Amino acid sequence: MKSEPDVYSIDDLKKEGQTLWDGVRNYQARNFLRQMKVGDLCFFYHSNLTPPAIVGLMKVIQSNVVDPTQFDSNSPYYDSKSKLDAPRWQTVIVDFVKVFPNMIPLTTLKQLFNPEELLLIRKGNRLSVMPIEEKIAQKILSLVDISGEI
DNA sequence: GCCAACGTTGGC
DNA sequence: GCCAACGTTGGC
């Protein structure tokens, strides 16, 4: 799951403990959000910084949550076409798990994996939420000094 | 700041 | 339904 650290960072999540992952307004990303289940682990990826990198880990504690910002006309994520009785945008609530002691930069991910096994590095990919194969996720986790703790 | 790659919008 | 124009994302 991507976020620009200027907007919402892993440190913000650490401070708050948990967050409702609002503002996703891309149907493909939303469909992935809908598939997420309580207990799922997610990497926190910082985009738009140098270097872009996976910086930590979080866990889904509530799934299929209606994103309240779609009905808030003051929110940048307001969607005037979404109906209260048929919300367009669902998301998840995630719990903070860990800030990685060493972040995993995009360049490293590009070196270790090919685009077929990691959606993140596929050309032109702009999804803010995407699935990751268990096997690949484990490999990424093994690059962090916490594999024994989880 | 640039720009490639997408996604969305809206006229037709 | 097509597609040009436009807006956004995000790496570099």
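Computed from a predicted model, the values in this text were never measured in an experiment. Here is the naming used below: chain letters follow the sequence lines, and residue numbers restart at 1 for every chain.
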Q. Any side-chain donor-acceptor pair under 3.5 Å between A:S47 and A:E4?
A.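 Result is no, nothing qualifies.
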
Q. So, A:D11 and A:S9: side-chain donor and acceptor under 3.5 Å apart, yes or no?
A.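 No.
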
**Q.** Where A:P5 and A:D12 come nearest, the two heavy atoms and their spacing
**A.**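 Distance-wise, the nearest heavy atoms are O-OD2, 4.4 Å.
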
Q: Kindly give the heavy-atom pair with the smallest separation between A:I93 and A:Q18, and that separation in Å.
A: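 Closest pair (atom of A:I93, atom of A:Q18, distance): CG2-NE2, 3.9 Å.
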
Q.
Measuring from atom NZ of A:K139 to atom CG of A:L112, what distance do you get when rounded to the nearest 0.5 angstrom?
A.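 Between atom NZ of A:K139 and atom CG of A:L112 there are 9.0 Å.
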
Q. Which is the 5'-most and which the 3'-most nucleotide of DNA chain C that has an atom under 4.0 Å from a heavy atom of chain A?
A.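 The contact span of chain A on DNA chain C goes from C:dG7 to C:dC12.
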
